[in-house]
S.K.: 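Provided herewith is a single structure, encoded as structure tokens, for subsequent inquiry.
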Protein chains: 2
Amino acid sequence: MPYPADHKARTRTRIIGAAARLFREQGYRATSVQRLMTAAGLTHGGFYAHFADKTALLADVLDHAFAQARANLLHRGLDDLRGPAWITRAGRRYLSRAHRDAPLEGCAIPALAAEVAREDPNARAAFSRALDETLRGITERLDGDRPAAIRLLATWSGALAMARAVDDALADEILAACRPAELPVEP
Amino acid sequence: MPYPADHKARTRTRIIGAAARLFREQGYRATSVQRLMTAAGLTHGGFYAHFADKTALLADVLDHAFAQARANLLHRGLDDLRGPAWITRAGRRYLSRAHRDAPLEGCAIPALAAEVAREDPNARAAFSRALDETLRGITERLDGDRPAAIRLLATWSGALAMARAVDDALADEILAACRPAELPVEP
DNA sequence: AGCGGAAAATGATGCCTATCATATTCTGAG
DNA sequence: CTCAGAATATGATAGGCATCATTTTCCGCT
């Protein structure tokens, strides 16, 4: 075994990380294999030593991106919050201008749901699994009320999707209307 | 004037109509000029006699698609409803399985917002205008409460976007959770 | 009847794409 | 120091893409 045992796995992870950023920022279809491999510091041909094809990568990217979004939503300073306190703080973060302007590290739902709906069933399955896990995490913060968790994520992701597609003034209005109102906006 | 005076305008409308369906069903980027012109009953080269380029078409498509969505949301049997009665009836229609499974004639927000966010500013401006007009229509049905209109559309469009990206069981759960509960589901 | 000019079709350009067969480079083991 | 074989790079193929210059078709007017 000429290379360190985990070398290939680490490269694979690097590719997924680069793709997760690019897919969210520019879209799945709009991101070429060439560009994502360059972003990962490799050349295009080697891609197929790691993934059967581009759609196979998409499933892994969804896992990665949802895990990142879960961290933003449930941890990173929000670990101990429950109920309305968690909603307020998490909502301020999710519906912030920073999140609107940085899709590349943000939630995968507004960025990728539409394309996943049109791609192959593997991507849909991965999206289902990852979304369900996220919903379980949110449900936990809401006293087990899963329908409430679904409505919350629908509202937030829908607001972010709209805010990204409109001019700044309307975007701010949308984010403000959907943000829990009790506390001032996160900087 | 060798052709009927409105000939060109009618052809242009036909192209927009075909594109509005294809863009929502398959995505803006995934729809080639060739395919959309064929769907309109024409050949690809003539496209540029009607539009400067593909992005110019997108703005017109957004107008067209939003107008259609407004008709579904505010008219077609819902003209006289206001307040909770309208919410219930419109919500049953918007969050139906039929709407989930027929993006080609449905709301443009879950289908196209993500791509509009990445395309040129003209598309964004058209999306802003069309969305604002839709919000005005909804606000009217809600006693002038515009933030409530925004939240409603965010929730519904977010729910539909998620429902389209997941398997059928989870999709039904999402649609049900976001649907006003007072009446049974529209067939 | 046939002419003129607008509308649409044809066909070509050059670029970008996913994929894959082949070659090269790297690095731990002997 | 060399070697073997895995990991990556190179280069090619075939197809799709947006766009545009050119040609053909159409149809109301004279």
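Proteins come first, then strands; the chains are lettered A, B, ... in the order of their sequence lines, and each starts at number 1.
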S.K.: Where along residues 15-38 of chain B does a heavy atom fall under 4.0 Å from DNA chain C?
M.R.: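 Within residues 15-38 of chain B, no residue comes under 4.0 Å of DNA chain C.
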S.K.: Could you state the CZ-P distance from Arg12(B) to dA7(C), rounded to the nearest angstrom?
M.R.: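 These atoms are roughly 13 Å apart.
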S.K.: Find the distance Asp53(A):CG to dT19(C):P and express it as a whole number of Å.
M.R.: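 One finds 5 Å between P of dT19(C) and CG of Asp53(A), rounded.
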S.K.: Which pairs with one or both residues in residues 59-83 of chain A pass side chain to side chain donor-acceptor pair (under 3.5 Å), sequence neighbours excluded?
M.R.: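 Sorted pair list: Arg12(A)-Asp60(A), Arg24(A)-Gln68(A), Arg70(A)-Thr134(A), Asn72(A)-Arg76(A), His75(A)-Asp79(A).
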S.K.: My understanding is that only residues two or more places apart in sequence, or in another chain, count here; which of them pass salt bridge (charged side-chain N to carboxylate O under 4.0 Å, His left out) with Glu119(A)?
M.R.: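 Salt bridge (charged side-chain N to carboxylate O under 4.0 Å, His left out) list for Glu119(A), sorted by chain: Arg29(A).
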S.K.: Determine: side-chain N/O of Thr11(B) to OP1/OP2 of dA7(C), distance under 4.0 Å, yes or no.
M.R.: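 The answer is no; no side-chain N or O of Thr11(B) sits under 4.0 Å from OP1 or OP2.
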S.K.: Side chain of Thr43(B) only, please: which of dT10(D), dA18(C), dA9(C) is the nearest?
M.R.: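 Between dT10(D), dA18(C), dA9(C), the one nearest the side chain of Thr43(B) would be dA9(C).
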S.K.: Report the distance from atom NE2 of His50(A) to atom C1' of dA6(D), rounded to the nearest whole Å.
M.R.: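 Distance check: His50(A) NE2 to dA6(D) C1' gives 11 Å.
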S.K.: Looking at Ile150(B) and Ala177(A), what are the two nearest heavy atoms and their distance?
M.R.: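 Closest approach of Ile150(B) to Ala177(A): CG2-CB, 3.8 Å.
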S.K.: Please enumerate all residues that pass side chain to side chain donor-acceptor pair (under 3.5 Å) together with Arg151(A), with sequence neighbours excluded.
M.R.: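 Here no residue qualifies.
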S.K.: Just verifying a value: how many Å separate Cys107(B) SG and Leu153(B) CG, rounded to the nearest 0.5 Å?
M.R.: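 Interatomic distance, Cys107(B) SG to Leu153(B) CG, rounded to 0.5 Å: 6.0 Å.
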S.K.: Got a sec, which pairs hit ring-ring contact (aromatic ring centres under 6.0 Å, His included) with one end in residues 7-39 of chain A, sequence neighbours left out?
M.R.: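 Found Tyr3(A)-His7(A), Phe23(A)-Tyr28(A).
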S.K.: Rounded to whole Å, please give me the gap between CG in Leu58(A) and P in dA18(C).
M.R.: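 Spelled out: CG on Leu58(A) to P on dA18(C) is 13 Å.
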S.K.: Under the salt bridge (charged side-chain N to carboxylate O under 4.0 Å, His left out) rule, collect the residues that match up with Arg21(A), sequence neighbours excluded.
M.R.: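 With sequence neighbours excluded, Arg21(A) shows a salt bridge (charged side-chain N to carboxylate O under 4.0 Å, His left out) to Glu105(A), given in chain and number order.
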S.K.: Mind checking side chain to side chain donor-acceptor pair (under 3.5 Å) for Arg35(B) and listing every partner two or more places apart, or none if nothing turns up?
M.R.: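 Arg35(B) satisfies side chain to side chain donor-acceptor pair (under 3.5 Å) with no residue once adjacent residues are dropped.
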S.K.: Over the length of the helix from dA1(C)-dT30(D) to dG30(C)-dC1(D), how much do the five-pair end axes diverge, rounded to 10 degrees?
M.R.: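 Between the first-five-pair axis and the last-five-pair axis there is 10°.
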S.K.: For Thr155(A), what residues pass the side chain to side chain donor-acceptor pair (under 3.5 Å) criterion, not counting sequence neighbours?
M.R.: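 For Thr155(A) the side chain to side chain donor-acceptor pair (under 3.5 Å) partners, ignoring immediate neighbours, are Thr155(B).
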S.K.: Test of understanding: with salt bridge (charged side-chain N to carboxylate O under 4.0 Å, His left out), list the residues that count as partners of Arg124(B), not counting sequence neighbours.
M.R.: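 With neighbours one apart ignored, the set is empty.
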S.K.: Counting any heavy atom closer than 4.0 Å, what does Ala49(B) reach on the DNA or RNA strands: base, sugar-phosphate only, or nothing?
M.R.: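 If one applies the 4.0 Å heavy-atom cut-off, Ala49(B) turns out to touch nothing in the nucleic acid.
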S.K.: Which whole-number value in Å describes the distance from Arg14(B) CZ to dA7(C) P?
M.R.: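 Atom CZ in Arg14(B) sits about 14 Å away from atom P in dA7(C).
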S.K.: Please enumerate all protein N or O atoms sitting under 3.5 Å from an N or O of nucleotides 20-27 of chain D, with distances to 0.1 Å.
M.R.:
| residue | atom | partner | partner atom | Å |
| --- | --- | --- | --- | --- |
| dC27(D) | O3' | Pro2(B) | O | 3.2 |

S.K.: Residues in side chain to side chain donor-acceptor pair (under 3.5 Å) with Asp145(A), at least two apart?
M.R.: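 Residues passing side chain to side chain donor-acceptor pair (under 3.5 Å) with Asp145(A): none at all.
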S.K.: How many whole angstroms separate atom CG of Leu42(A) from atom C1' of dT8(D)?
M.R.: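 Taking CG of Leu42(A) and C1' of dT8(D), I get 7 Å after rounding.
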S.K.: Take atom CZ of Phe47(B) and atom P of dT10(C), then tell me their distance rounded to the nearest Å.
M.R.: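 My rounded result for the distance is 18 Å.
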